Engineer: 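I'd like to ask you about the structure that follows.
This one's a predicted model, so the numbers in the text were calculated from it and none came from an experiment. One-based numbering, in listed order, for ligands and for the atoms of each.
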Amino acid sequence: MSEAPVSSCDYEGYDYRGRFWVGRDYEDAVERIALRRLLPPHGGRLVEIGAGYGRLGDLYARYQQVILVDPARSQLREAQKRWGTGGRFIYAVGDVHRLPLSTGGSDVALTVRVLHHVADVPAAFREIHRILRPQGRYILEYANKRNLKEVARYLSGRSKRAPFSSQPVEYAPLHFNFHPSYIEGGLLEAGFSVEKTLAVSSLRLGLLKRLLPHSWLVRIDGLLQSPTAALNLAPSIFLLARAGKEEERSDGLFRCPSCGAEDLEERASLVLCKGCGREWPIVDGIYDFQM
Ligand SMILES: C[S@@+](CC[C@H](N)C(=O)[O-])C[C@H]1O[C@@H](n2cnc3c(N)ncnc32)[C@H](O)[C@@H]1O
């Protein structure tokens, strides 16, 4: 993530699509393979948290309602240009630590390439668990600190970052790599059970990318994702988790991130919280719940 703006995870105004994704067709393709394998094929309300410019929106074609949440308005503005307003897509400025979404109101939640910017992952998992309905699914990707390349670098003395310790490593401000046991432990503590693991981007090496045609890389990665998952050596790990919880479902869409009230009323250009009286603006079709 050295391409991210000045060592922070602030994506406001950053040309994430143009600066980061050029030359990463392999990563994009293999992430899509993994998501197609993990995502329930259709459903009601799907929430992508840290959705950026909506890169993955086409995968949600068979969901009735898709909510894209991101702290960066400019990313959501770009997503809105791709997926439109007034249809199935809803855009909300918000943060994973205090989601502006109702309790138990979502069927599926996703975070892809987001957790590595999240300082308090256990709190984020609890929040995602809160918004899911009982047995709702959470699909997540995380950057694996004990990937094969890091292990080789450590064992050969080229890196001092211990890949085997369970604690996250912050290799740049607000850029974390995680140990699988840390992520899986956090999910369990939040009330999730892990149903499936996929190893993704195992061939993310400059040499392989130069030597092998794109279609081969993608095909081989797809073949390796499931059989090599238990090794936990890929740089990117995708998990499918299920929210175990008692019946708890809200009819509403939003929750006030300031006071936690779920009684909100939408008016012409704002959402009014009936708990604390705060007014959350709706700007050109984007719900703005920035605290
Ligand atoms: C690397 S981009 C990934 C975007 C998208 N998920 C994708 O895979 O194309 C990371 C995104 O996470 C968002 N983000 C960073 N910190 C966040 C937080 N605390 N809560 C929610 N989203 C966050 C950023 O604004 C950015 O759009």
Engineer: Taking 4.0 Å as the limit for heavy-atom contacts, which would you say applies to Glu48 with ligand 1: side chain only, backbone only, both, or neither?
Structural biologist: side chain

Engineer: Return yes or no for this condition: an N or O of Val118 is under 3.5 Å from an N or O of ligand 1.
Structural biologist: no

Engineer: Just which atoms of ligand 1 are under 4.0 Å from any heavy atom in Gly52?
Structural biologist: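 Contacts of ligand 1 toward Gly52, numbered from 1: 4 (C), 27 (O).
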
Engineer: Under a 4.0 Å heavy-atom limit, does Ala124 contact ligand 1 with its side chain, its backbone, both, or neither?
Structural biologist: neither

Engineer: From the options Asp28, Leu56, Asp70, select the one whose nearest heavy atom is closest to atom 27 (O) of ligand 1.
Structural biologist: Asp70

Engineer: Tell me which part of Tyr16 gets within contact of ligand 1: side chain, backbone, both or neither, using heavy atoms under 4.0 Å.
Structural biologist: side chain

Engineer: Distance-only check: which donor-acceptor pairs under 3.5 Å involve side-chain atoms of residues 94-101, not counting sequence neighbours?
Structural biologist:
from  : atom 1 : to     : atom 2 : distance (Å)
Asp95 : OD1    : His97  : N      : 2.7
Asp95 : OD1    : His97  : ND1    : 2.8
Arg98 : NE     : Pro257 : O      : 2.6
Arg98 : NH2    : Pro257 : O      : 2.8
Arg98 : NH2    : Ser258 : O      : 3.0

Engineer: Assess whether atom CD of Gln64 is packed by more than 12 heavy atoms of other residues, nucleotides or ligands within 6.0 Å.
Structural biologist: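 No - once you tally the heavy atoms of other residues, nucleotides and ligands closer than 6.0 Å, there are 12 at most.
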
Engineer: Taking distance alone, with no angle check, do Asp95 and ligand 1 share an N/O pair under 3.5 Å?
Structural biologist: yes

Engineer: Is there a polar contact, in the sense of an N or O pair closer than 3.5 Å, between Val96 and ligand 1?
Structural biologist: yes

Engineer: Just wondering, do Arg133 and Arg45 contact through their side chains at under 4.5 Å, heavy atoms?
Structural biologist: no

Engineer: Aromatic rings Tyr182 and Phe178: how do their planes relate, parallel, tilted or perpendicular, breaks at 30° and 60°?
Structural biologist: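 It falls in the parallel class, under 30°.
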
Engineer: Are there over 12 heavy-atom neighbours, none belonging to Arg37, within less than 6.0 Å of that residue's CZ?
Structural biologist: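 Yes, the 6.0 Å shell around CZ holds more than 12 heavy atoms from other groups.
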
Engineer: Pairs of nitrogen or oxygen atoms closer than 3.5 Å, one from Arg113 and one from ligand 1: do any exist?
Structural biologist: no

Engineer: Below the 3.5 angstrom mark, is there an N/O of Gly50, backbone or side chain, next to an N/O of ligand 1?
Structural biologist: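 Such a contact does occur with ligand 1.
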
Engineer: What's the spacing between Glu150 CD and Tyr171 OH if we round to 0.5 Å?
Structural biologist: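 Rounded to the nearest 0.5 Å, the CD-OH separation comes out at 10.0 Å.
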
Engineer: Using 30° and 60° as the class boundaries, would you call the ring planes of His175 and His117 parallel, tilted or perpendicular?
Structural biologist: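 Plane angle over 60°, so perpendicular.
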
